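For reference, the structure discussed in these notes is given below.
Keep in mind that what you see is a predicted model, and the values were worked out from it rather than measured.
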Amino acid sequence: MQRILGVDYGDVRTGLALSDANRFLASGIGTIQMGGMRATAKKVAEVAKENDACIIVIGLPKNMDGSEGASADKIRAFGELLAPMTDAEIVFFDERVSTMAAHRILNMTDTRGAKRKSVVDTLSAEIILQNYLDKNSK
């Protein structure tokens, strides 16, 4: 099986996670800071190709009532930029609680300061991807 790449897109940092070959477990693989949506999309496409990912799961921020706002519009625009740069299928996945969960985990592990900033986006991508894997394994 080919792998799945998870993406937590951000204006400053974009977190990335990758599934194992069996699509059972998500692991954070770091962040990218490319400066600009187009450059970030290009780098994400490169990472997907390097890791033989056939699906790219992008976290889609929704409001708590399930509606989409300006943040979701930006993520959809990112996906539209990314799509022609890759052969991988682009999937948007509800990320409503991923960032909150990442902060909760970092609080429990007492991760603070610069280290926290450097891992929160990767952890968010990992949570988004793991939730996607869990939902689609049934």
Q | Joint cluster assignment, Ile90 & Phe93, ILVMFWY side-chain distance < 4.5 Å | A | no
(Q) Same cluster or not: Val47 versus Ile128, using hydrophobic residues (I, L, V, M, F, W, Y) connected whenever any side-chain heavy atoms lie under 4.5 Å apart? (A) no
Q: Please collect all side-chain hydrogen bond (donor to acceptor under 3.5 Å, both in side chains) contacts where either partner lies in residues 45-55, sequence neighbours excluded, each pair once.
A: Gln2-Asp52
Q) Does anything in residues 19-28 pair up under side-chain hydrogen bond (donor to acceptor under 3.5 Å, both in side chains), and if so which pairs, sequence neighbours excluded? A) none
Q.
Please check this pair: side chain of Gln33 against backbone of Arg13, looking for a donor-acceptor N/O pair closer than 3.5 Å.
A. no
Q: Compare every heavy atom of Gly15 with every heavy atom of Thr31, then report the nearest pair and how far apart it is.
A: CG2-CA, 4.0 Å
Q) What are the two closest non-hydrogen atoms of Ile75 and Pro61, and how far apart are they? A) CG1-CD, 3.4 Å
Q. Among pairs that include at least one residue of residues 67-81, which meet side-chain hydrogen bond (donor to acceptor under 3.5 Å, both in side chains), considering only residues two or more places apart or in two chains?
A. Asp11-Lys74, Asn63-Ser67, Asp65-Ser67, Glu68-Arg76
Q: Could you pull out the closest heavy-atom pair between Gly36 and Thr40, with the gap in Å?
A: O-OG1, 2.9 Å
Q: Run through Leu18, Leu129, Asn136 and flag the one making a side chain to side chain contact (heavy atoms under 4.5 Å, CB included) with Ile4.
A: Leu129
Q | Listed partners of Phe92 passing ring pair (Phe, Tyr, Trp, His ring centres under 6.0 Å), at least two apart | A | none
Q) What are the two closest heavy atoms between Leu81 and Pro84, and how far apart are they? A) O-CD, 3.4 Å
(Q) Minimum heavy-atom separation for Gly28 and Thr122, please, with both atom names. (A) CA-CG2, 3.5 Å
Q.
Test: ring pair (Phe, Tyr, Trp, His ring centres under 6.0 Å). Region: residues 27-71. Which pairs qualify, not counting sequence neighbours?
A. none
Q | Exercise: identify the closest heavy-atom pair between Leu133 and Ala26 | A | CD1-N, 3.8 Å
**Q.** ILVMFWY clustering at 4.5 Å (side-chain atoms), partners of Phe24
**A.** Leu25
Q: Would you kindly confirm whether Leu5 and Met85 end up in one hydrophobic cluster when ILVMFWY residues are joined by side chain heavy atoms under 4.5 Å apart?
A: no
